[in-house]
Q: 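Below is the structure I would like to discuss, written out as structure tokens.
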Amino acid sequence: MTDIDRAAERLGKTKNLLVITGAGISHESGIPTFRGNDGLWQNYRAEELATPEAFERDPETVWEWYDWRRGIIGKAEPNGGHLAIKELEELYDNFLLITQNVDGLHGRAGNTKMVEIHGNLWRVRCEREGTTSMLMDVPLPSIPPRCKCGALLRPDVVWFGESLSPHALGQADRAMEACDTLIVVGTSGAVYPVASFPSTVKSRGGFVIEINTEPTPISSIANIALYGKSGDILPELVKALRSNPAFSPS
Ligand code: OAD
């Protein structure tokens with residue numbers, strides 16, 4: 001039996017599925033990851049761009065970086081990995097996707113039971129009023145963009161040194177408690193608190209399946225680690241699940 005078959009067998013018995021994704025799921029859509037050889041943080045210092053202090057100091061540079069990323073992401077399409085996760089949402093009544101990605105590709109693939117725990121880079125927030133809205137222009141007509149009230153708009157994403165939304169953390173906690181299986185895809189497990197979610201699920205009795213091109217700190221606690229591109233492995237896994245006679249979609 002292959003590891004994919006073992007993972008599909010587990011998914012066949014699963015009643016409540018949690019999926020967590022990181023930048024790796026979008027790599028095959030042409031979006032650079034954060035770490036690694038071509039990672040975004042190789043060329044930029046996180047604290048120069050993705051912190052509230054950096055924005056206060058130099059909003060123009062921070063927005064130039066986001067405008068550049070929005071340009072890449074705006075041309076990208078969801079890949080087979082995103083589409084397979086959308087299929088998983090359809091197959092399970094009890095399903096949640098937690099993504100660390102701010103690119104919006106899971107939403108474009110059709111996922112709705114989803115928490116974008118680090119925010120979304122198409123959404124902006126008024127620095128004065130705290131109101132949020134979608135800003136889809138690529139490239140932005142003027143940098144930095146401003147609210148109608150005249151105050152600066154910022155990307156509605158979580159920056160280093162900022163707290164995650166208590167609402168999103170509550171949803172994540174309930175999902176970790178309720179799930180019997182977690183699939184964790186394409187994350188280096190370097191950024192907390194999401195990096196701790198796989199071990200939390202494991203300690204609460206859940207089964208952890210990791211999908212990544214290489215071993216990560218999560219691999220040592222995963223029940224099954226599937227190495228390869230998520231755009232290949234996830235569709236294979238869904239196919240194996242669908243052909244599992246013991247599985248009846250809920
Ligand atoms: P990283 O860039 O840290 O890690 C990407 C992971 O994806 C690595 O483990 C790669 O091995 C893996 N990977 C690359 N290509 C893959 C593929 N085709 N299939 C499967 N896996 C692949 O990205 P994250 O773990 O998502 O936060 O980073 C977490 C957070 O750090 C981000 O959300 C962002 C960043 O700073 C904020 O901006 C708040």
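Read the numbers this way: they start at 1 and go in the same order the structure lists the ligands and their atoms.
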Q: Using a 4.0 Å cutoff against the non-hydrogen atoms of Gly22, which atoms of ligand 1 qualify?
A: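 Here the atoms of ligand 1 in question are 26 (O).
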Q: For ligand 1, which atoms have a heavy atom of Lys229 less than 4.0 angstrom away?
A: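 Per the distance check, 18 (N), 19 (N).
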Q: What about Leu18 and Tyr92, same hydrophobic cluster or not, with Ile/Leu/Val/Met/Phe/Trp/Tyr joined at side-chain heavy-atom distances under 4.5 Å?
A: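 No, no single cluster joins them.
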Q: Could you check which of Val185, Val194, Asn212, Ile25 puts a non-hydrogen atom nearest to atom 8 (C) of ligand 1?
A: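 The option holding the nearest heavy atom is Asn212.
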Q: Quick one: do Asp3 and Arg6 make a salt bridge, cutoff under 4.0 Å?
A: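 Yes, charged N to carboxylate O under 4.0 Å.
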Q: What is the closest protein heavy atom to atom 23 (O) of ligand 1, and at what distance does it sit?
A: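 Protein heavy atom at minimum distance: Ala23 CB, 3.5 Å.
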Q: Do the non-hydrogen side-chain atoms of His106 and Thr21 ever get within less than 4.5 Å of each other?
A: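 SC-SC contact between His106 and Thr21 confirmed.
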Q: Is the shortest N/O to N/O distance between Asn101 and ligand 1 below 3.5 Å?
A: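 For ligand 1, there is no N or O atom that lies under 3.5 Å from one belonging to Asn101.
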Q: Check each atom of ligand 1 against the heavy atoms of His118 and keep those under 4.0 Å away; list them by number with element.
A: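 Contacts of ligand 1 toward His118, numbered from 1: 27 (O), 32 (C), 33 (O), 37 (C), 39 (C).
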Q: Cationic tip of Arg154 within the cone over Trp159's six-membered ring, i.e. under 6.0 Å and within 45° of the normal?
A: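 So Arg154 does make the cation-pi contact.
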Q: By number and element, which atoms of ligand 1 are closer than 4.0 Å to a non-hydrogen atom of His27?
A: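 Heavy-atom distances to His27 below 4.0 Å select 14 (C), 15 (N).
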Q: Need the ligand 1 atom indices (1-based, order shown) with element for anything under 4.0 Å from a heavy-atom of Glu214.
A: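 Listed by number with element: 11 (O).
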Q: Relative to the heavy atoms of Val158, which atoms of ligand 1 are at a distance of less than 4.0 Å?
A: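 Counting atoms of ligand 1 from 1, those under 4.0 Å from Val158 are 39 (C).
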Q: Which residue and non-hydrogen atom of the protein lie closest to atom 19 (N) of ligand 1, and at what distance in Å?
A: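 Of the protein heavy atoms, Ser230 N, 2.9 Å lies nearest.
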Q: Is any side-chain heavy atom of Arg35 less than 4.5 Å from a side-chain heavy atom of Val191?
A: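 Counting from C-beta outward, Arg35 and Val191 do come under 4.5 Å.
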Q: Does the structure place the NZ or CZ of Arg70 under 6.0 Å from the centre of the six-membered ring of Trp68, at an angle of no more than 45° from the ring's axis?
A: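 Ring-cation test returns no.
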Q: Can you tell me which residue and heavy atom of the protein come closest to atom 29 (C) of ligand 1, and the distance to 0.1 Å?
A: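 Checking every protein heavy atom, the shortest distance to atom 29 (C) of ligand 1 gives Gln100 OE1, 3.4 Å.
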Q: Has Asp58 got a side-chain atom pairing as donor or acceptor with Thr61's backbone, closer than 3.5 angstrom?
A: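 Yes: the side chain of Asp58 pairs with the backbone of Thr61.
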Q: Nearest to atom 16 (C) of ligand 1, what protein heavy atom do you find, and at what distance?
A: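 Checking every protein heavy atom, the shortest distance to atom 16 (C) of ligand 1 gives Gly24 O, 3.5 Å.
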Q: Looking only at N/O atoms, are Thr187 and ligand 1 under 3.5 Å apart anywhere?
A: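 N/O-N/O distance below 3.5 Å exists for this pair.
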Q: Can you confirm whether Phe247 sits close enough to Leu91 that some side-chain heavy atom of one is under 4.5 Å from a side-chain heavy atom of the other?
A: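 They are in side-chain contact.
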Q: Would you kindly specify which portion of Glu28 sits under 4.0 Å from ligand 1, judged on non-hydrogen atoms: side chain, backbone, both or neither?
A: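 Near ligand 1, Glu28 shows its side chain, while the N, CA, C and O stay back.
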Q: State, yes or no, whether a side-chain contact exists between Arg123 and Leu135 at a heavy-atom distance under 4.5 Å.
A: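 Not in contact.
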Q: Identify whether the distance between the nearest side-chain nitrogen and carboxylate oxygen of Asp5 and Arg10 falls below 4.0 Å.
A: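 A salt bridge is absent here (no side-chain N lies under 4.0 Å from a carboxylate O).
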Q: Is ligand 1 less than 4.0 angstrom away from at least one heavy atom of Phe160?
A: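 The answer is yes: ligand 1 sits under 4.0 Å from a heavy atom of Phe160.
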Q: Examine Val191 against ligand 1 and note whether any of their N/O atoms are separated by less than 3.5 Å.
A: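 N/O-N/O distance below 3.5 Å does not exist for this pair.
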Q: So among Glu87, His82, Glu89, Glu90, which one has a side chain to side chain donor-acceptor pair (under 3.5 Å) with Asn111?
A: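 Only one option passes, and that is Glu89.
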Q: Please report whether ligand 1 has a polar contact with Gly186, defined as an N or O pair separated by less than 3.5 Å (distance criterion only).
A: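 Yes, Gly186 has an N/O under 3.5 Å of an N/O on ligand 1.
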Q: Write out the residue and atom name of the closest protein heavy atom to atom 28 (O) of ligand 1, then the distance separating them to 0.1 Å.
A: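 Result: Arg35 NH1, 3.2 Å.
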